[in-house]
Amino acid sequence: MFRENRIVQGSPLLPVGFYFLRKFLKNCSSRSFWEKREALSETAVIAGIQGVKKTSELIPLCHQINLTKIDVDIVPGDNQFHITCTVKCDGKTGVEMEALTGVSVAALTIYDMCKALSQDIVISTVQLERKSGGKNDYER
């Protein structure tokens, strides 16, 4: 039996002013901002998982795959969110496109939820970090 595993990362880069706003609100003991940030991350995780599942509908010639694991992890950084998507399946097919789509959809969700604060958000560095199984293993 074949086991495919792909890990992709991406980083929506938020303008510096956004994080100044976050620090200001934190100093004002605004608990609701932190609750919204948690909601933002949770919403982006759900969107990333949905993106992985819908890859075959979004990208021509991608076929539907029986996936065994989807994990989307979002960690806030200084002025960005680090998104990691791990996708696994049993079979002779790769799941890079599913993992890339998961990161991209999660990043777009963060953009959508933050665009009211700034349109100066940059989505960058969506890339394959590691793959195992299949013909060749790869690690960046």
Side-chain angles (χ1 to χ4, degrees):
M1 174 169 46
F2 290 91
R3 185 168 300 269
E4 299 284 333
N5 180 23
R6 303 296 186 266
I7 299 175
V8 172
Q9 290 187 336
S11 299
L13 182 64
L14 301 168
V16 176
F18 178 80
Y19 276 86
F20 284 123
L21 174 64
R22 183 181 89 176
K23 288 178 183 177
F24 173 76
L25 290 173
K26 181 181 176 188
N27 291 337
C28 293
S29 68
S30 175
R31 188 172 164 208
S32 66
F33 179 81
W34 293 106
E35 291 170 357
K36 289 177 183 175
R37 185 197 64 143
E38 297 240 343
L40 183 145
S41 293
E42 291 170 3
T43 303
V45 166
I46 292 168
I49 292 169
Q50 286 180 324
V52 169
K53 291 180 174 184
K54 298 286 187 180
T55 299
S56 65
E57 297 174 30
L58 298 170
I59 299 176
L61 305 179
C62 277
H63 55 285
Q64 192 167 8
I65 300 171
N66 289 326
L67 303 171
T68 57
K69 178 181 180 179
I70 302 170
D71 182 37
V72 178
D73 186 42
I74 300 175
V75 178
D78 288 336
N79 67 331
Q80 61 188 344
F81 290 88
H82 299 283
I83 304 169
T84 303
C85 181
T86 303
V87 179
K88 294 182 181 181
C89 78
D90 293 335
K92 289 186 172 184
T93 186
V95 287
E96 294 100 301
M97 296 312 298
E98 285 75 10
L100 288 163
T101 303
V103 166
S104 299
V105 171
L108 288 168
T109 301
I110 290 171
Y111 180 95
D112 185 49
M113 295 180 76
C114 294
K115 68 184 179 198
L117 297 173
S118 174
Q119 284 82 38
D120 195 25
I121 301 167
V122 176
I123 297 172
S124 65
T125 323
V126 176
Q127 61 189 16
L128 179 67
E129 289 295 321
R130 182 178 28 212
K131 77 176 205 133
S132 61
K135 293 181 183 179
N136 301 313
D137 289 350
Y138 172 81
E139 187 156 353
R140 186 168 303 277

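Cluster annotation: Ile59 is connected to Val87 through the hydrophobic network of ILVMFWY side chains, with a link wherever side-chain heavy atoms come within less than 4.5 Å. Taken together through direct or relayed side-chain contacts under 4.5 Å among Ile, Leu, Val, Met, Phe, Trp and Tyr, Val105 and Val45 form parts of separate hydrophobic clusters. Under a hydrophobic-cluster definition in which Ile, Leu, Val, Met, Phe, Trp and Tyr are linked whenever side-chain heavy atoms come within less than 4.5 Å, directly or via other members, Ile70 and Ile46 are assigned to different clusters. Val75 and Tyr111 sit in two unconnected hydrophobic clusters of ILVMFWY residues. Membership requires side-chain heavy atoms under 4.5 Å apart, directly or through other members.
Taken to the nearest 0.5 Å, the CD1 atom of Ile65 stands 11.5 Å off from the CG atom of Asp90. For the atom pair OG of Ser104 and CE of Met97, the computed distance is 8.5 Å after rounding to the nearest 0.5 Å. Here Ile49 contributes atom CD1 and Cys85 contributes atom SG; the two are 8.0 Å apart, rounded to the nearest 0.5 Å. Taken to the nearest 0.5 Å, the OG atom of Ser41 stands 9.0 Å off from the CE atom of Met113. Between the CD atom of Gln64 and the CG atom of Asn66 there is a distance of 7.5 Å, given to the nearest 0.5 Å.
With a 4.5 Å cut-off on side-chain heavy atoms, Ile83 and Ile110 count as touching.
Between Leu128 and Lys131, the shortest heavy-atom distance links the atoms CD2-CD, 4.2 Å. Heavy atoms only, all atoms of each residue included: Gly51 and Thr101 are closest at O-CG2, 3.4 Å. Smallest separation of non-hydrogen atoms from Leu108 and Ile123: CD2-CD1, 3.8 Å. When all heavy atoms of Ile74 and Ala44 are compared, the closest pair comes out as CD1-CB, 3.4 Å. The shortest heavy-atom contact between Thr55 and Glu98 is OG1-CA, 3.5 Å. Taking every heavy atom of both residues into account, Thr109 and Ala47 meet most closely at OG1-CB, 3.1 Å.
Taking the salt bridge (charged side-chain N to carboxylate O under 4.0 Å, His left out) definition, one finds that Lys53 meets it with nothing, sequence neighbours left out.
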